[in-house]
Amino acid sequence: MATSPFRYFISLFLLLLCFEPCLRVGDAKTGCIERERQALLHFKQGVVDDYGLLSSWGNAEDKRDCCKWRGVECNNQTGHLIRLDLHAPLDGMGFPQSLTGKISQLGPSLAELQHLKHLNLSRNHFGGILPTQLGNLSNLQSLDLGHNHGDMSCENLDWLSHLPLLTHLDLRRVNLGKAIHWPQAINKMPSLTELFLSHTQLPPIIPTISISHINSSTSLAVLDLSSNGLTSSIYPWLFNFSSSLVHLDLSMNDLNGSIPDAFGNMTTLAYLDLSGNGLGGSIPDAFGDMTTLAYLDLSSNELPGSIPDAFGDMTTLAHLDLHSNHLNGAIPDAFGDMTTLAYLDLSSNELRGSIPDAFGDMTTLAYLDLSGNELRGSIPDAFGDMTTLSHLDLHSNHLNGAIPDAFGDMTTLAYLDLSGNGLGGSIPDAFGDMTTLAYLDLSSNELRGSIPDAFGDMTTLAYLDLSWNELRGSIPDAFGNMTSLAYVELSLNQLEVINLWKS
Ligand SMILES: *[C@@H]1O[C@H](CO)[C@@H](O)[C@H](O)[C@H]1NC(C)=O
Ligand SMILES: *[C@@H]1O[C@H](CO)[C@@H](O)[C@H](O)[C@H]1NC(C)=O
Ligand SMILES: *[C@@H]1O[C@H](CO)[C@@H](O)[C@H](O)[C@H]1NC(C)=O
Ligand SMILES: *[C@@H]1O[C@H](CO)[C@@H](O)[C@H](O)[C@H]1NC(C)=O
Ligand SMILES: *[C@@H]1O[C@H](CO)[C@@H](O)[C@H](O)[C@H]1NC(C)=O
Ligand SMILES: *[C@@H]1O[C@H](CO)[C@@H](O)[C@H](O)[C@H]1NC(C)=O
Ligand SMILES: *[C@@H]1O[C@H](CO)[C@@H](O)[C@H](O)[C@H]1NC(C)=O
Ligand SMILES: *[C@@H]1O[C@H](CO)[C@@H](O)[C@H](O)[C@H]1NC(C)=O
């Protein structure tokens with residue numbers, strides 16, 4: 001009886017003494033920290049799991065070790081949870097198999113996971129107000145809440161400044177419409193290298209900071225602000241990152257006025273998308289200084305004037321899209337110097353003059369669209385030198401003369417549209433050599449003569465439109481050999497009517 005309280009005291013003392021280490025021994029056996037395990041179970045209680053994605057999470061004896069649960073990764077030394085990846089997997093039809101829940105209620109459970117470095121909840125059905133408690137996860141290096149379709153919103157991004165190690169942040173489709181101080185919040189993130197804020201209803205920057213105080217931040221390399229309502233007031237903030245940006249997407253915003261010369265100072269930029277804005281003024285010559293650029297999209301703006309010769313200096317460019325602007329003048333011969341270009345779209349502008357012979361020098365080009373302009377003259381023979389071309393669209397111009405025999409040399413062409421021009425002469429026999437062609441539209445021209453027998457060699461052709469020409473004679477028997485043909489339009493010619501598919 002007398003020793004009993006003493007014993008009790010000793011036991012309590014030992015228990016207190018070994019509380020931390022003993023627990024750790026226990027953890028080493030189960031591999032997982034109990035406190036974090038409870039936080040995960042609490043998280044699970046807060047979500048609707050229609051697809052049983054969290055079936056490995058539970059209390060049963062064989063599920064003790066939460067480090068073995070789906071989407072969970074622990075540090076193998078400390079047992080602490082360092083990665084939680086619950087992005088919705090896609091089913092066979094490409095639809096996400098989402099978890100559903102209120103992110104506001106899940107916040108406290110997530111905030112328990114203090115050692116987390118990577119959190120990915122993308123493509124789920126989480127909604128509600130984004131809890132600022134996520135700012136407690138001070139070890140986070142990547143946070144991906146993008147593409148949730150449950151109307152997630154966040155009115156204030158100040159909590160991000162508590163995440164000094166964060167390098168990758170994806171909040172695509174989170175409603176940030178009220179987060180007016182977002183630029184300041186981003187400026188306070190010293191390690192951020194990749195930021196995705198497209199479709200976030202991001203408000204325009206309130207212009208308070210004068211451009212003269214700008215200093216370049218060093219880390220931000222990938223910036224996606226597409227599909228928001230941003231205006232030209234973004235520039236002072238944006239050019240703060242001039243020396244670090246590699247990938248910049250500002251497409252589908254409300255930028256207007258001229259494109260600032262300052263883009264020419266972004267000397268590390270490889271990808272620039274300014275499409276779908278209201279940009280006017282002529283294209284700055286300064287673009288010629290961007291000698292690291294591989295991808296440039298200025299399409300669907302209001303750009304007037306001519307294409308600068310300086311484009312010829314962009315000798316690293318692989319993708320150039322200027323379609324749907326008001327560009328006029330001639331296509332510069334300097335294009336021949338862009339010997340790395342694989343994709344060129346100048347369609348739906350007001351370009352005049354003839355197609356430069358220099359195009360023959362673009363021997364890396366795979367996609368060329370000059371349709372919907374006012375180009376005249378004949379198609380250069382030099383096209384035969386573009387032996388990598390797979391897509392050629394020259395429709396709706398004023399091209400005349402004959403189709404060059406040299407087309408037979410374009411043995412990689414899959415898509416050819418020359419419709420809506422004034423092309424004359426007969427269809428060259430050389431078409432039979434284009435044995436990779438799947439789509440051919442020569443309609444609405446002034447083509448004469450008969451359809452060449454050589455068409456029978458185009459065994460990959462699926463779509464053929466020769467309507468609205470002045471073709472004569474009979475339809476060649478060789479048509480029977482065009483076994484891939486799914487669509488044929490030959491009307492409005494002077495062809496002899498015959499039974500095409502004789503049995
Ligand atoms: C622990 O993790 C580190 C880094 O992930 C790995 O290199 C190492 O092999 C792991 N050790 C054990 C015992 O699994
Ligand atoms: C999160 O998961 C998605 C898959 O849905 C993946 O594409 C994305 O890269 C992941 N995010 C991070 C930061 O690793
Ligand atoms: C998170 O931080 C807030 C203060 O910023 C604090 O009140 C709260 O207790 C913290 N939560 C956790 C789980 O650490
Ligand atoms: C910008 O840099 C200059 C010199 O490098 C420094 O004197 C100035 O305080 C900096 N300004 C800001 C706003 O950081
Ligand atoms: C440029 O960056 C610095 C440091 O990140 C910041 O203090 C300054 O306010 C930024 N300037 C603008 C215009 O955002
Ligand atoms: C650009 O848009 C703003 C409104 O956002 C307007 O005040 C300004 O006049 C426009 N500038 C030009 C050059 O169209
Ligand atoms: C480009 O950078 C240079 C050197 O830093 C500077 O003198 C010039 O004003 C900048 N140009 C623009 C348009 O910002
Ligand atoms: C169709 O192809 C076969 C085999 O390649 C060939 O013998 C025949 O002459 C062709 N028919 C026509 C009408 O060209």
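Whatever order the structure lists them in is the order used to number ligands and atoms, beginning at 1.
- Ring pair His319/Tyr367: centre-to-centre distance not below 6.0 Å.
- The protein residues lying under 4.0 angstrom from ligand 6, judged by non-hydrogen atoms, are Asn256, Gly257.
- Against a heavy-atom cut-off of under 4.0 Å, Arg123 is close to the following atoms of ligand 2: 5 (O).
- Applying the disulfide (SG to SG under 2.5 Å) definition to pairs two or more places apart or across chains, those involving residues 68-114 are Cys67-Cys74.
- Looking only at distances, a side-chain donor or acceptor of Asn148 sits under 3.5 Å from a matching main-chain atom of Leu145.
- Side chain of Asn397 to backbone of Leu399: no donor-acceptor contact under 3.5 angstrom is found.
- What you find for Asp285 and Ala310 is that their closest heavy atoms are O-CB, 3.6 Å.
- Enclosure of atom NZ in Lys178 is not indicated, since only 12 or fewer non-hydrogen atoms of other residues, nucleotides or ligands lie within 6.0 angstrom.
- Checked against a 3.5 angstrom limit, the closest N/O atoms of Asp85 and ligand 2 fall outside it.
- Between Asp144 and ligand 2, an N or O atom pair is found at a separation short of 3.5 Å.
- Checked by atom type, the side-chain pair Thr315/Asp337 shows no donor-acceptor distance below 3.5 Å.
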